[in-house]
Amino acid sequence: MAEAGWDVDLVRSKFPALARQQDGQPVAFFDGPAGSQVPQSVADAVSHYLLNTNANRGAAHATARESDALLENAHQVVADFLGTPDPATVCFGGNMTTMTLAASRAIAQQWRAGDEIIVSQLDHDSNVTPWVLAARDAGVNVHHISLKPDDWSLDIDDFRSKLSSKTKLVAVGYASNATGTINPVGEIIAAAKAVGALTYIDAVHYAPHRRINVKELQCDFLACSAYKFFGPHVGILYGRRELLETIRPYKLRPSTDALPGKWMTGTQNHEGIVGVAAAIEYLTSLDASADEDHNTCADSTASERVAKLDRVFSRIRDYETALSLRFLAGVSSVSGLRIYGITNVDEVDDRVPTFSMTSDRHTPQQLAKRLAEQGVFAWAGNHYALPFTEAAGLEPSGTLRIGALHYNSMQEIDRVVDCLRALL
Ligand SMILES: Cc1ncc(COP(=O)(O)O)c(C=O)c1O
């Protein structure tokens, strides 16, 4: 059925997992913030790589050369996804956390005792603790951007009051994986630049929902993770070329000093990286699916891909906004449920459809268990957004998190709202 110009049935048909049933009922996947489902085309690309072209890189034989070509293509495809014209500034690794821990060690070599850095209380701990640990080792002071208690969004006045010429780095998330709030990263980056601080943006939660453009943002670093945007478990780090070239990461002697290999330690997850490119090609293919029901875009050129992704993400944004409005309208009449994050419908464009909530009758764990029994998959806990759950006084139980993606239907939203109403 087409809702808000989006043929969700067609989209869903590309994801085999979405046909899963439990006790004769379809499963509703609202666990996307912890990892999205994967289209058939991604699984096919991974399996094709392993079965046909599996090899290490840089040798003369055919499979090695095919591997080189596939992996180079993946850097280009991800560069288009992130909005940089320079594929050598896209690095792959195990996951966002591992890449950020490694990057923090490298970047912190430039810090001196008495310097300062700024992290936020709305971030996943992956963009907080790596910097806090590096700061501890370097004798650097850490400031935490506090939250506004009305909707738990970042207090930008507090950020500005903590920013100074001593600030060496601002690490902030693009969108919260707990509350769904989109942070004003453009404003934060501009302010940080004005005092000469570097910026490290965690776009893990933002990436499946909205278009990223590192060139427009002018961030120094941006990290994301493909398993959140319909791909395999692979981490991605973009860095500004000049910084990637001048900063010295910890790496082995025989490994290259050229970009991007300098920042990619050890043998990479080739099949996973091929799958990352396939996930982006899947997203690109949705540009065609408004009028055609097949994937026409597997061989898009870079500029076509960029234009298609622009259009696709604009439509995903509209559809997901409609999902958010439906959810917020539905839960507004469920008694005893408290939502953490933006609930004002006039501000709905400043959030993605990820909702954290608590109830006055049941713990988040009890709610998630009851939902799971009914085939509705959601998460309970702190979601590793520990600075937020601590600041909001929600430890140790955290919140119930219901996270929608572009493959969730309006009927699924109604179903989860009905389940919550019945439970409460
Ligand atoms: C916002 C956010 N940042 C960082 C991470 C960590 O990513 P990874 O699992 O790739 O280490 C997650 C994972 O849930 C996340 O949601």
Side-chain angles (χ1 to χ4, degrees), residues 29-38 78 81-82 90-105 119-133 145 147 152-154 170-185 188 199-210 212 219 221-238 263-265 268-269 272-273 275-276 279 340-341 351-356 368 377-391 398-405:
F29 288 91
F30 285 112
D31 61 340
S36 62
Q37 298 307 314
V38 168
V78 177
F81 180 70
L82 298 180
V90 171
C91 314
F92 294 109
N95 50 55
M96 181 275 184
T97 306
T98 304
M99 297 189 89
T100 302
L101 279 164
S104 66
R105 291 300 165 282
V119 295
S120 107
Q121 287 189 321
L122 200 54
D123 269 70
H124 188 283
D125 206 45
S126 291
N127 202 27
V128 177
T129 291
W131 306 111
V132 170
L133 295 177
I145 309 172
L147 305 180
W152 305 102
S153 60
L154 288 183
V170 178
V172 70
Y174 210 152
S176 161
N177 71 317
T179 65
T181 304
I182 297 173
N183 294 322
V185 292
I188 292 170
T199 48
Y200 193 100
I201 307 300
D202 172 1
V204 172
H205 194 64
Y206 187 87
H209 300 288
R210 301 277 177 104
I212 297 172
C219 54
F221 297 94
L222 181 140
C224 56
S225 226
Y227 73 97
K228 311 280 190 177
F229 62 83
F230 322 107
H233 293 85
V234 174
I236 297 166
L237 177 65
Y238 156 82
W263 288 80
M264 295 170 48
T265 46
Q268 294 298 311
N269 175 358
I273 294 170
V276 176
Y340 295 79
R351 65 143 48 253
V352 298
T354 301
F355 300 94
S356 256
F377 293 1
W379 271 87
N382 62 32
H383 323 294
Y384 278 40
L386 190 59
F388 157 68
T389 50
E390 284 175 338
T399 65
L400 171 72
R401 182 179 66 185
I402 292 170
L405 287 164

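The first residue of the sequence shown is numbered 1, and numbering continues consecutively from there. Nothing here was measured: the structure is a model prediction, and the numbers come from that model. Whatever order the structure lists ligands and atoms in, that order sets their numbers, starting from 1.
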For residues 227-237, which residue pairs qualify under side-chain hydrogen bond (donor to acceptor under 3.5 Å, both in side chains), counting only residues two or more places apart or in two chains?
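Residue pairs passing side-chain hydrogen bond (donor to acceptor under 3.5 Å, both in side chains), neighbours aside: none found.
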
Without swapping roles, check the side chain of [X] against the backbone of [Y] for a donor-acceptor pair under 3.5 Å.
X	Y	value
Arg351	Thr179	yes
Asp31	Ala34	no
Ser36	Gly32	no

Tested for side chain to side chain donor-acceptor pair (under 3.5 Å) against Thr354, the lone hit among His383, His205, Arg401 is His205

I'd like to check Pro232 versus Val276 (side-chain heavy atoms, cut-off strictly below 4.5 Å). Are they in contact?
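They are in contact (side-chain heavy atoms under 4.5 Å apart), so the answer is yes.
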
Distance dump, ligand 1 polar atoms to protein, N/O, under 3.5 Å:
{"residue": "ligand 1", "atom": "3 (N)", "partner": "Asp202", "partner atom": "OD1", "Å": "3.3"}
{"residue": "ligand 1", "atom": "3 (N)", "partner": "Asp202", "partner atom": "OD2", "Å": "2.5"}
{"residue": "ligand 1", "atom": "9 (O)", "partner": "Tyr227", "partner atom": "OH", "Å": "2.5"}
{"residue": "ligand 1", "atom": "10 (O)", "partner": "Met96", "partner atom": "N", "Å": "2.8"}
{"residue": "ligand 1", "atom": "10 (O)", "partner": "Ser225", "partner atom": "OG", "Å": "2.4"}
{"residue": "ligand 1", "atom": "11 (O)", "partner": "Met96", "partner atom": "N", "Å": "3.4"}
{"residue": "ligand 1", "atom": "11 (O)", "partner": "Thr97", "partner atom": "N", "Å": "2.8"}
{"residue": "ligand 1", "atom": "11 (O)", "partner": "Thr97", "partner atom": "OG1", "Å": "2.5"}
{"residue": "ligand 1", "atom": "14 (O)", "partner": "His124", "partner atom": "NE2", "Å": "3.4"}
{"residue": "ligand 1", "atom": "14 (O)", "partner": "Lys228", "partner atom": "NZ", "Å": "2.6"}
{"residue": "ligand 1", "atom": "16 (O)", "partner": "Asn177", "partner atom": "ND2", "Å": "3.4"}

